[in-house]
Amino acid sequence: MDHVKRVVRLAEEIAAHETCSLFVVMAGAYLHDVIDDKLVVNEEEACQKAAIFLKDIGVTSEITKEILHVMTNVSYSKEVLQGRNRLLTIEAEIVQDADRLDALGAMGIIRTAYYGGKKGHKIHDPQKPVQRFETKEAYREGSTVINHFYEKLLKLQEGLHTEHARKLGKKKHDFLLLFLEQFLEEWG
């Protein structure tokens, strides 16, 4: 839930600089991970449950469709298969930017190490090349914690949509580079 709260805060900050539906942004930010394939067995079923929930609390079908568009377009792993050329609403761009900003900087470093440890990934293996994933399954399998910086994290800055997110992201991106420089020096 801490991640969700950070994404909500970042999305609200970015939205303040854009012309958008704040309701759709906030709903999408709060709900963006309820259909994440890392957390649910069946994404489609989770999406249907989210739609039913939104209907039950009085959200119109049109606004529900907009929120679901946000939720289904945040994931970085989907870009592995679909590319970055999908048409996104400004609300989806904002939530995607907020989610990606949380994967950068100090928070991104600790989240990457935590997740890699949970999955049993090596911290670093200089003999293991950086991967270019062709499938979501291969992406989920991962390689090493340090390779993940090159396979994903360092690519996030270039994919940010909004000017405010790019401004916030630059500092976080630069911190990743500084961390990697120090890590590789200490690794020897």
Asks: Can you name the one residue among Arg9, Arg111, Lys5, Lys172 that meets salt bridge (charged side-chain N to carboxylate O under 4.0 Å, His left out) with Asp102?
Replies: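 That would be Arg111.
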
Asks: Under the side-chain hydrogen bond (donor to acceptor under 3.5 Å, both in side chains) test, which residues partner Asp174, sequence neighbours left out?
Replies: Lys170

Asks: Check whether more than 12 heavy atoms from other residues, nucleotides or ligands sit under 6.0 Å from atom CD1 of Ile123, and answer yes or no.
Replies: no

Asks: Would Ile90 and Phe23 show up in the same hydrophobic cluster when neighbours are defined by side-chain heavy atoms closer than 4.5 Å?
Replies: yes

Asks: I'd like to know if the side chain of Glu91 reaches the main chain of Leu22, judged simply by a donor and an acceptor atom lying under 3.5 Å from each other, with no hydrogens or angles considered.
Replies: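 Looks like no, no N/O pair under 3.5 Å.
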
Asks: Taking Arg166 for its side chain and Gln157 for its backbone only, find out whether a donor-acceptor pair lies under 3.5 Å.
Replies: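 Checked: no pair found.
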
Asks: Output the distance between atom CD (Gln127) and atom OG1 (Thr144), rounded to the nearest 0.5 Å.
Replies: 12.0 Å

Asks: What's the separation between atom OG1 in Thr162 and atom CD in Glu93, rounded to the nearest 0.5 Å?
Replies: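 Separation between the atoms: 8.0 Å.
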
Asks: Angle between ring planes, His164 versus His17, binned at 30° and 60°: parallel, tilted or perpendicular?
Replies: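 Parallel: the ring planes of His164 and His17 meet at under 30°.
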
Asks: First locate atom CG of Leu101, then atom CD of Gln96, and finally report the distance between them rounded to the nearest 0.5 Å.
Replies: 10.5 Å

Asks: For the backbone of Leu88 and the side chain of Asn73, can you confirm whether one donor and one acceptor N or O come within less than 3.5 Å of each other?
Replies: no

Asks: What's in the same ILVMFWY side-chain cluster as Met107, cut-off under 4.5 Å, chained through other members?
Replies: Ile110

Asks: For Asn147 and Gln131, what are the C-alpha separation, side-chain angles and deciding distance, and is it a side-chain contact (heavy atoms from CB on, under 4.5 Å)?
Replies: CA-CA 8 Å; Asn147 279 5; Gln131 303 291 307; 5.5 Å; no

Asks: Hey, what do you get for CD1 (Ile35) to CG (Asn42), rounding to the nearest 0.5 Å?
Replies: 11.0 Å

Asks: Looking only at side-chain N and O atoms, does Glu151 offer a donor or acceptor that is under 3.5 Å from a partner on Ser143?
Replies: yes

Asks: Taking Asp97 for its side chain and Ala11 for its backbone only, find out whether a donor-acceptor pair lies under 3.5 Å.
Replies: no

Asks: Scan for ring-ring contact (aromatic ring centres under 6.0 Å, His included) pairs involving residues 166-188, sequence neighbours excluded, and state none if there are none.
Replies: His124-Phe183, His124-Trp187, Phe149-Phe179, Phe183-Trp187

Asks: Using the rule side chain to side chain contact (heavy atoms under 4.5 Å, CB included), only one of Val74, Leu160, Val7, Leu153 pairs with Arg100; which is it?
Replies: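 Going through the options one by one, the only one that passes is Leu160.
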
Asks: Tell me, please, which residues at least two apart from Lys49 pass side-chain contact (heavy atoms from CB on, under 4.5 Å).
Replies: Glu45

Asks: Please identify each residue that fulfils side-chain contact (heavy atoms from CB on, under 4.5 Å) with Gln48, with sequence neighbours left out.
Replies: Glu44

Asks: Just jot down the salt bridge (Lys or Arg N to Asp or Glu O under 4.0 Å) partners of Asp33, sequence neighbours excluded, or say none.
Replies: none

Asks: State whether the number of non-hydrogen atoms from other residues, nucleotides or ligands found under 6.0 Å of Gln182 atom CD is greater than 12.
Replies: yes

